[in-house]
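Some notes on the structure that comes next.
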Amino acid sequence: MSSVIPPVDWIDSQAQRMLELVEHWANINSASDNLEGLGQMDALLSDAFSPLGGQMKLIDLPPRQIIDSSGQVVQKPLGRALSIIKRPDAALRVFLGIHMDTVYGLDQPFQTTQRLGTSTLRGPGVADAKSGIVVMLVALEALERSDVADFMGWEVLINPDEELGSPGSTPLLIQCAKRNHLGFVFEPTLADGSLAGQRKGSGNFTVVVRGRSAHAGREFHLGSNAITATADVITQLDAINGRFEGLTINIAQVEGGGPLNMVPKLAICRLNVRYDDAEQEGIVQSKLEEIVRQLEERNSIRAEWHGGFTAPPKPLDEPTLHLLEHVAHCGRDLGINVTWRSTGGVCDGNRLAAAGLPNVDTMGVRGGNIHSPNEYLLIESLTERVKHAALLLMKLASGQVTWPKKGNTGLMNS
Ligand SMILES: [Zn+2]
């Protein structure tokens, strides 16, 4: 097959529409727990993607479990995921995904977009990852307009819970990983414009410590202080920092206590773990077990830990490197210099890789200050990234870039 040419002029003609789509979608609050806003996104995304054809469905997710401020396990509902599958019988099947949720709750002041000159758009989710959805959409439109589209199957998943660690959509991501040969996730690039290579793993844990309350003056000796016991927990966990290469524990939140004349009976500590190597999971888990056991030996203290590892480390293994090299090669064809480096951040690319799907997970826009009230998108990167992704998809479809199809269970037997 002759060499494919990306429809550069057509993509350039979409620049204004793309910017307006990002603004429209970013001005809808779709925090991970704002089910109403996520529902609005479901409807808008269904409309935007339906002209591409394929089998589209909205999938309900099971609720996630959280530990509330009274130390109880409670269920919290999640939004729905949008799935589209096109040409599932094609010999080569590519997964494309990104999330529709953001980290900005309804209670935060950062709710609307603002154009800063012609180059920059500031707003909630403009980089992470509303514009990633737009890039994915227009790249697929470009593919479907080309005459090589028939040679490639694709599957899209837009999930509503990635910013929570994809608690409800991870099983869907695992199915996607099994049905496809390679994947692209449209998270924004790292702040310096490079792509993510190796990623750390991440885990979230909550330690609940219960003691016994008593009057601080009359019966202090009858009390059992949950806060001081939790202080021990914190010191012991923090002492792990610096002892194992790449393993860090961030004690992120502590709550508990009450009136000053009362021995506190409840304290809750929440923490995040980042690590390089799956074997380090055991270090953290056995430390948590040990701490809980030690506390239980104390008079009137009960302790328990909840949580787990939500994103396994994503190593820069041979298939990932191979795919990154294809991405870099397509970039060079377009005059874009593509580099990658490792990061401590995690995303669905970790979960897909752990389920066996080689993927490049920073195919979204260039921008920065994500998860802050100064999040911005560099507007020119919208068309740049669509050209890049479209060329890559077209080269894969045409066979100009080959990808091994062996070792995949395929749609029929997954
Ligand atoms: Zn993101």
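All ligand and atom numbering here is 1-based and tracks the order in the structure. Just so you know, residue 1 is the first one in the sequence shown, and it goes up from there.
Counting just the N/O/S atoms of D128, the one with the shortest distance to the Zn ion (ligand 1) is named OD1.
Look at C347 and the Zn ion (ligand 1): no N/O/S atom of the residue is under 2.8 Å from the metal. Checking E162 against the Zn ion (ligand 1), every N/O/S atom stays at or beyond the 2.8 Å cut-off.
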Let me have the donor-acceptor pairs involving side chains of residues 76-88, under 3.5 Å, with sequence neighbours excluded, atom names and distances please.
| residue | atom | partner | partner atom | Å |
| --- | --- | --- | --- | --- |
| K86 | NZ | L52 | O | 2.7 |
| R87 | NH1 | E144 | OE2 | 3.2 |
| R87 | NH1 | A149 | O | 2.9 |
| R87 | NH1 | M152 | O | 2.8 |
| R87 | NH2 | E144 | OE1 | 2.6 |
| R87 | NH2 | E144 | OE2 | 3.1 |

List the atom pairs, with distances to 0.1 Å, where a side-chain N or O of residues 30-44 and a protein N or O form a donor-acceptor pair under 3.5 Å, not counting sequence neighbours.
| residue | atom | partner | partner atom | Å |
| --- | --- | --- | --- | --- |
| S30 | OG | M100 | O | 2.8 |
| S30 | OG | K130 | NZ | 2.8 |
| S32 | OG | D101 | OD2 | 2.7 |
| N34 | OD1 | E36 | N | 3.3 |
| N34 | OD1 | G37 | N | 3.0 |
| N34 | ND2 | N29 | O | 3.0 |
| N34 | ND2 | N29 | OD1 | 3.0 |
| E36 | OE2 | Q40 | NE2 | 3.3 |

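E187 contributes OE2 and H99 contributes NE2; the angle these two atoms make at the Zn ion (ligand 1) is 80°, rounded to 10°.
The heavy-atom pair separating R199 from D361 by the smallest distance is NE-OD2, 2.8 Å.
A salt bridge is defined here as a Lys NZ or Arg NE, NH1 or NH2 lying under 4.0 Å from an Asp or Glu carboxylate O, and R293 with E296 fails to meet this definition.
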